[in-house]
Number of protein chains: 2
Amino acid sequence: MPENRETKKRSGTKEKILKTAITLFCNHGYKGTSVRKIASNVGIRESALYNHFKNKEEVFLEVAKNIFNSPFAMKEEEIKETALRGKNFLQKFVMQYKMLTFDKQSENMFKLLMIELMQNKELREQFMSDFHNKNIKTLSEAFFVMMQNGLVRSGDPMMVAYEFLSTLFYIRFQITLLRFDAKSTDALATQFEKHVDIFWESIKL
Amino acid sequence: MPENRETKKRSGTKEKILKTAITLFCNHGYKGTSVRKIASNVGIRESALYNHFKNKEEVFLEVAKNIFNSPFAMKEEEIKETALRGKNFLQKFVMQYKMLTFDKQSENMFKLLMIELMQNKELREQFMSDFHNKNIKTLSEAFFVMMQNGLVRSGDPMMVAYEFLSTLFYIRFQITLLRFDAKSTDALATQFEKHVDIFWESIKL
DNA sequence: GTCTATATTTGGATAGAC
DNA sequence: GTCTATCCAAATATAGAC
């Protein structure tokens with residue numbers, strides 16, 4: 001028995017369901033996606049879907065599981081180290097943010113988040129803690145280091161972090177809207193780099 | 001006939017329907033709000049609602065009609081004039097933005113916009129043109145005037161406008177999320193003023 | 001203008017044959 | 001594991017009496 005991992009060696013239906021569900025949930029949200037539609041897109045009957053998932057919510061939870069999983073998290077020590085490089089840190093941070101923005105899976109999760117955010121209290125709280133606070137913390141630490149080392153004008157690191165992050169979010173938000181309709185994002189894609197340039201000029205010593 | 005305006009002098013049912021519909025649509029979105037729920041909250045049967053509106057969509061459109069109506073628009077000349085006052089212009093602009101954020105009706109419309117934005121192509125386009133571009137235009141003009149008059153460092157007025165606006169949007173976005181759950185927004189409310197202070201310091205000559 | 005009753009559709013979910 | 005058949009609930013909408 002060469003592959004008895006997990007006992008069942010699948011026909012792949014469950015994966016197909018998940019893949020289809022991701023597309024549908026991320027474009028139409030929970031309410032906008034029916035079990036019927038998922039099943040029909042997969043090419044099976046609804047009843048067959050229930051062999052793989054207990055109910056609609058379980059499918060959704062499986063899809064939304066990675067909604068706050070960032071593939072590009074920075075480690076604590078890495079932050080403090082890289083922060084000493086000033087603008088270079090910001091460029092690195094923004095590059096990761098940009099990759100997230102254009103990464104297909106991250107983009108889908110962001111769309112889903114934006115759709116469900118207003119209808120799901122738990123998501124709102126996770127958005128604040130995971131999405132916002134985590135980034136603010138990273139950036140604050142970096143700006144603090146920069147201030148300590150005389151690289152940037154001193155001030156409240158949290159405030160500077162907020163200013164810096166908010167623009168990144170807005171760019172990502174707009175890009176996500178444009179990509180919904182398959183519109184060009186060329187102008188906005190370069191906005192990330194321009195933001196770093198302008199911002200650095202405004203805070204550097 | 002003292003009041004033959006519009007022929008029908010209403011029992012107020014239509015207004016009551018609209019008022020109820022605003023609350024429901026703005027908190028649960030189009031799909032999340034049923035005609036049943038609206039009618040029952042008003043205190044009538046569904047069938048009675050159809051005496052006032054052709055269908056659910058017509059109720060929604062009536063509600064969403066004012067989604068981009070800003071009660072605080074600045075006139076062209078006013079912008080150029082006030083821009084000469086530098087930081088004072090930014091303070092005024094932000095104060096209006098802040099009022100919008102906390103104005104009950106505007107807040108509802110913003111919630112509705114955020115809910116529906118990801119599911120409605122037309123709204124996305126209106127968001128870009130009415131919401132984003134209009135503000136960018138106003139701010140760009142102001143920053144241009146400020147640059148011409150040596151009040152702020154010269155640069156691309158549009159870029160500076162983008163930096164300034166994006167933070168305002170993010171603050172509003174976060175406040176809206178908090179208010180969804182009736183959480184305190186004290187910390188964020190002062191962020192508006194702090195933003196102006198920080199931003200002005202970073203661009204002034 | 002509101003009610004009762006009803007038509008129709010859509011969506012989530014289960015039973016049981018194969 | 002998939003299918004057919006079926007059930008049930010919820011939702012949009014209409015007809016016609018009052």
Side-chain angles (χ1 to χ4, degrees), chain A residues 1 3-65 112 115-116 118-120, chain B residues 1 3-65 112 115-116 118-120:
Chain A
M1 24 182 82
E3 43 181 26
N4 55 3
R5 273 176 60 99
E6 304 271 332
T7 306
K8 48 174 182 193
K9 224 22 195 185
R10 63 308 218 92
S11 62
T13 303
K14 186 161 186 172
E15 280 76 7
K16 245 202 285 197
I17 293 171
L18 275 176
K19 227 183 122 188
T20 307
I22 288 173
T23 306
L24 292 174
F25 280 132
C26 295
N27 279 288
H28 309 291
Y30 186 80
K31 274 175 194 285
T33 302
S34 65
V35 176
R36 279 226 216 302
K37 195 78 192 291
I38 298 173
S40 104
N41 279 24
V42 170
I44 58 173
R45 298 288 169 181
E46 294 154 75
S47 50
L49 186 143
Y50 288 94
N51 278 319
H52 303 277
F53 296 92
K54 205 181 78 199
N55 53 27
K56 180 184 176 180
E57 177 150 19
E58 210 186 76
V59 183
F60 179 78
L61 289 179
E62 187 70 25
V63 166
K65 217 164 61 177
L112 184 55
I115 293 178
E116 297 299 319
M118 300 290 156
Q119 333 211 16
N120 187 324
Chain B
M1 23 180 87
E3 45 181 24
N4 55 3
R5 270 176 61 98
E6 304 269 334
T7 306
K8 44 166 186 201
K9 221 25 194 181
R10 65 313 213 90
S11 63
T13 304
K14 187 161 185 173
E15 280 77 6
K16 243 200 288 196
I17 293 172
L18 275 176
K19 225 183 126 189
T20 308
I22 287 173
T23 305
L24 292 174
F25 279 132
C26 295
N27 279 289
H28 309 291
Y30 185 81
K31 274 175 194 286
T33 302
S34 65
V35 177
R36 280 230 221 300
K37 195 78 192 289
I38 298 172
S40 103
N41 279 22
V42 169
I44 57 173
R45 299 286 170 180
E46 295 153 74
S47 51
L49 186 143
Y50 287 94
N51 278 319
H52 303 278
F53 297 92
K54 206 182 76 199
N55 52 28
K56 180 183 175 180
E57 177 150 17
E58 210 187 76
V59 183
F60 179 79
L61 289 178
E62 188 69 25
V63 166
K65 218 164 61 177
L112 184 55
I115 294 176
E116 297 300 319
M118 300 290 157
Q119 334 211 17
N120 187 325

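Note that the coordinates shown come from a computational prediction; the quantities given were computed from them, not determined experimentally. Letters A, B, ... mirror the listed sequences (proteins, then strands); counts begin at 1.
Under the rule for a ring pair (Phe, Tyr, Trp, His ring centres under 6.0 Å), the partners of Phe60(A) that lie at least two apart in sequence or sit in another chain are Phe25(A), Tyr30(A).
The separation between Asn55(A) atom CG and dT14(C) atom P is 8 Å, rounded to whole Å. Here the P atom of nucleotide dG11(C) and the CG atom of Asn41(A) are 12 Å apart, to the nearest Å. To the nearest angstrom, C1' of dA13(C) lies 13 Å from NZ of Lys54(A). Straight-line distance from the CD1 atom of Ile44(B) to the C1' atom of dT12(D): 15 Å, rounded to whole Å. In this structure, the CG atom of Leu49(B) is 10 Å from the P atom of dA13(D), given to the nearest Å. Between the OH atom of Tyr50(B) and the C1' atom of dT6(C) there is a distance of 14 Å, rounded to whole Å. For the pair Leu24(B) CG and dA11(D) C1', the computed distance is 15 Å after rounding to whole Å. dA10(D) atom P lies 18 Å from atom NZ of Lys31(B), rounded to whole Å.
The side chain of Ser34(A) approaches dG11(C) more closely than any other nucleotide in the set dT12(D), dA13(C), dG11(C). For Ala48(B), whose side chain is taken as the heavy atoms from C-beta onward, the closest listed nucleotide among dT12(D), dC3(C), dG1(D) is dC3(C). The Lys56(A) side chain lies nearest to dG12(C) when the options are dG12(C), dC3(D), dT12(D). Out of dA13(D), dC3(D), dG12(C), the shortest distance to the side chain of Glu46(A) is found at dG12(C).
Nearest-nucleotide mapping onto DNA chain C: of Arg45(B) and Arg36(A), the residue sitting toward the 5' end is Arg45(B).
Within the 3.5 Å criterion, the main-chain N or O of Leu24(B) finds a donor-acceptor partner in the side chain of Thr33(B).
Side-chain contact check for Asn41(B) versus Thr23(B): every heavy-atom pair is 4.5 Å or farther apart.
Among all heavy-atom pairs drawn from His52(A) and Lys14(A), the shortest one is O-NZ, 3.6 Å. Taking all atoms of both residues into account, the shortest heavy-atom contact from Val63(A) to Leu112(A) is CG1-CD2, 4.1 Å.
Within 3.5 Å, a donor on the side chain of Ser47(A) pairs with an acceptor on the base of dT4(D), or the reverse.
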